[in-house]
Amino acid sequence: MSLHIAICGLTSFQRILYQSSKTDSSRKEVREHTERQKMFNMAASDEWKKVGGMNNLNAVYQLHCNGKLLDKEKRNIFVEGTMEDVRQDYQALMTYCAKDVLATHSVFAKLWPEFFERFPHPVTLGGMLEMGSAYLPVNSIWSRYLEHANATYLELQRELRKLLISLADEACHLLEDEQYKNDPWLWDLDWSVSQFKMNKKASGSKKKKCLLNFLYNQDDEARKERMEILEQVYSTASRVPKNPTFMAGYPAWYRELCPRPNDEDWYPGPSNISTQCRVTPKLMRLTWDGYPVHFDQTFGWGYLVPSFKEPSEIEKELAEQDQGETNSDFPVRAYLEFMKKSKPLLFKDKEMPADLNHFLGQNFDQQAMEPQEVILHWDAARDHPKGKKSDASLGDGPYDIGLPGCLFYRIPHKDGDKKRVGNPLAKDYLHRVEDGTLQAETGDHANHALLLSKICSYWKNNQERIEGQMAVWLKKGELPKYVTKHSDYKEYEQYGAIVPRLVVAGTITRRAVEPTWLTASNAYPDRIGSELKAMIHTPPGYHFVGADVDSQELWIAAVLGDAFFMKIHGCTALGWMTLQGNKADKTDLHSKTAELAGVSRDQAKILNYGRIYGAGQAFAEQLLMQFNPSITPQQARITAKDMFRKTKGERNYVNCNFLKSVVCCSESHMFNALEQIANSPNPTTPVLGCRISKALEPKFVLDDFLTSRVNWVVQSSAVDYLHLMLVCMRWLMDMHGINGRFCISIHDEVRYLVASPDRYRAALALHITNLLTRTMFAFRLKMHDLPQSVAFFSAVDVDVCLRKEVTMDCKTPSNPHGLAEGYGIPKVLRSYNNSAHSAVRTGSSKVAEPNSRSLNFRVGHDLLISTPSEEEREGMQLFSKFLIALEKEFVELPTGEEAPDESVLDPRSLSYRRWRWLQGPVDPLVNTVSVNTQWTSTNESVLQRGVRKAEKTPWNKDGGRCGR
């Protein structure tokens, strides 16, 4: 499947178009795509549908082998059947499996030679094979995590349900004296009540009469009196209906929340209520930025904003003729009273004049004008500075839905203004609960229910996938002796592993796809189960060694722009900000964009990466409105247009056939470079020469899908980066006998499982891997130097669990004690940093200054001691020797200063000098390290031949020097 997707896979939007062409569908996306092609006179073609196909065996087999349609009916037995079903139809099922295997072999035989033709570099295949070997070690902590997460989730769900039930019960009391009619949220619910129905009166049975006659014959007068009462009761038995009215006397909306008595999970009261029910936001009295939420059948969920206009009688008549009568049941007075408390500034000096004389003068005769002309004057008056009444222009609107005194605005949807919001309590709006935009006005109970809904959201959405992970538990005899003989090994503990079900090339950009681990979030204090990654623990005697690639895709895009312009690092504005920008000084790209767009730095990251991936101005407008619901669509459009003008630039026709961006803008050269690759006859990645999917090649799509092609250039180059790192790291570990293996790669971070004695050498190998990988990128772009600020990782983490940062304690509702108290992993950090006068420190790692990025690695879990162990001392000495070797080979020492003697070097204060050019003066743009220089040191103990001397590497078959 990975071979097929890489060679001729389809984008998600292409799959929609492909399916619609097969079924003659008229989906909105398809219509908009067709209209866009006509509007911009785009040259388009459907030839890509002949060379690409869907990602299932049937479609792939027919596309590549022209095979017959495979019969997939028997597959359902494996999915839904039992073992007895398999035994009864064993021969037919085995025949089905054999045919699938034969079809898969035929597809593989067809794709294998084509894969090497389109992906000629061996690193591509090597990286894919390494990615496919992902391995996650687990122990008893995994089972404990599942138990705690489920127990916490069920407990909070019960509490949430009780709170919602109490809200429903309180609202039900408003039926008395029709109090609900004065509630701006509950007035439009179905308050109709079903009466209890009785059968017609009938005579009692003979058996009961005989019994009563017998009892009447008794002498006890008191008993006779009781029997008279009993007779009255028996006389009403026949009037009780066989199927009595359900919940008689309760409103219809309340009855819908109550289970029937014969239901399996029956519970008294409105126990079917949940955050998915449409009535829940109303019961919680939700407000959006202080305005009551309201559901409309046409527009979905929105909110009601006061309308301060006072139309004339003629205007009212025309409005009623055009839109029908307004809903007189709406509690205008109660709504306005609430709004005066919620938004008092809206009602300050907001009295509208009763007529137009206030604007047009006392001599104006309103009665002599036509009704349409009067309405035009009223519209102009409302836009006049004297009559402009409300600054509330939030979301998509306004819409007149027939409610007097207010206008309807849609709650902003993440996919655009015209999309209906189905539930304001969905996970897409949890951040609105956090920033206070979405609040409950009922009281503490409602706000607590809102908080519980947010806490339960992560586990609710991911529980099935996480519990579906198959952990294979190993017996003691199946474990390596290195583990069982280690001092930390415990007989009563369980040890095993989870093998992630990765598709190593699951998208056309060749990114890996896996539904659980590659989408796992970091630990949040208000999300049950979000400590998922931290529950992956190393077996005794092993450590995780890993690092995050710093701004990987941003650097790739910037260096492509630099190479396109002058082939000098930092010669473009984007390249300069990437290399020299500093978060503390707000000179980096994300800080500049945040200042330009008026958003936070984290939000600016989303805008920047979306723009780099080819997203247009419309996407930026949607994001701006999501980040700040208080801005209008017009304001978002102006801000996005200004941002694109100052970053990407505007289209400029150089000649009749070629388009490029204005070169004066900060990202113009980068986009020129990306589009030059995307529009070439055979788009390939600049480093490993990987071809784009056939379904996106220009000869098959012409001018269509340019955004997807630009996105492919950046993301596929990032995959090249990852493959280079994986293969280089594998080579270094094999060459130098580092006992470890690849664990997993999540986005731009890699993690290795390494034997504890080798963990520092593995950290050094990761630094060298990053150096060689970036060198390969620079060399293939014909740039024969490498900036110091990107040469090494900012930090390499050494840890015993798979958390994002070694400083994280991962406290969550399901792990309230954190890793330190809950699992015995101390919250201690050692940061080994080679900058001058640095020492072993606790706390967060020192932030490297621009252009003097430090070589450092951080160690979690180990207890802080006053003196480093021999093992740690050896690891730091190895770092010292490595740096001294670099100084001897690359650095021009200051006048009169000799290289330090490595034998007497204090491992706790590592000497580190700023790198300089070997030839010529220091570049005024950025300090660089020459990669043309040969590695000629003869000290075998420093880096050994495989690293120090540029021997044959996986991407350097001829054994040329570093970067050649």
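By the 6.0 Å contact criterion, NZ on Lys49 is enclosed, its count of non-hydrogen atoms from other residues, nucleotides or ligands being greater than 12.
Looking only at side-chain heavy atoms (C-beta outward), Glu47 and Lys50 come within less than 4.5 Å of each other. Annotation: side chain of Ile536 is in contact with side chain of Trp517 (closest heavy-atom distance under 4.5 Å). With a 4.5 Å cut-off on side-chain heavy atoms, Asn679 and Arg709 count as touching. Here the side chains of Ile556 and Asp720 are not in contact, with every heavy-atom distance at 4.5 Å or above.
Taking the charged nitrogens against the carboxylate oxygens, Asp799 and Arg751 have no contact shorter than 4.0 Å, which rules out a salt bridge. Under a 4.0 Å N-O distance rule, the pair Asp548/Lys804 qualifies as a salt bridge.
Partners of Leu129 according to the side chain to side chain contact (heavy atoms under 4.5 Å, CB included) rule, which considers only residues two or more places apart in sequence or in another chain, are Leu125. For Tyr135, the ring pair (Phe, Tyr, Trp, His ring centres under 6.0 Å) test picks out no residue, with sequence neighbours left out. With sequence neighbours left out, Phe544 forms a ring pair (Phe, Tyr, Trp, His ring centres under 6.0 Å) with no residue at all. Applying the ring pair (Phe, Tyr, Trp, His ring centres under 6.0 Å) criterion to Phe619, with sequence neighbours excluded, gives no partner residue. Applying the side chain to side chain contact (heavy atoms under 4.5 Å, CB included) criterion to Ser133, with sequence neighbours excluded, gives Glu130, Arg741, Phe742. For Asp602, there are no salt bridge (Lys or Arg N to Asp or Glu O under 4.0 Å) partners, not counting sequence neighbours. Remark: Phe565 engages Cys571, Thr572, His669 in a side chain to side chain contact (heavy atoms under 4.5 Å, CB included) (not counting sequence neighbours). In this view, Asp704 satisfies the salt bridge (Lys or Arg N to Asp or Glu O under 4.0 Å) rule with no residue, not counting sequence neighbours. With sequence neighbours excluded, the residues that form a side chain to side chain contact (heavy atoms under 4.5 Å, CB included) with Arg501 are Gln469, Met470. Taking Trp712 as the reference, nothing meets the ring pair (Phe, Tyr, Trp, His ring centres under 6.0 Å) condition, with sequence neighbours excluded.
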Assess the residue pair Asp797 and Arg803 against the criterion (salt bridge (charged side-chain N to carboxylate O under 4.0 Å, His left out)); give the C-alpha distance rounded to whole Å, side-chain angles, the decisive distance to 0.1 Å, and a yes or no. CA-CA 10 Å; Asp797 296 337; Arg803 49 187 165 180; over 6 Å; no
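By the 30° and 60° cut-offs, the orientation of the rings of His767 relative to Phe792 is perpendicular. The aromatic rings of Phe13 and Phe705 sit perpendicular, their planes meeting at an angle over 60°, well past the 30° parallel limit. Relative orientation of the Trp112 and Phe115 rings is parallel, given thresholds of 30° and 60° on the angle between their planes. Between His4 and His64, the ring planes are perpendicular. Angles over 60° get that label, and only those under 30° would be called parallel.
Here the options are Ile7, Leu10, Val701, the test is side-chain contact (heavy atoms from CB on, under 4.5 Å), and the partner is Lys694; only Ile7 passes.
Applying the salt bridge (charged side-chain N to carboxylate O under 4.0 Å, His left out) rule to pairs touching residues 677-692 yields Arg691-Glu697, sequence neighbours excluded. The stretch residues 555-583 participates, sequence neighbours left out, in no salt bridge (charged side-chain N to carboxylate O under 4.0 Å, His left out) pair at all.
Side chain to side chain, Tyr721 and Asn770 meet the donor-acceptor criterion of an N or O pair below 3.5 Å.
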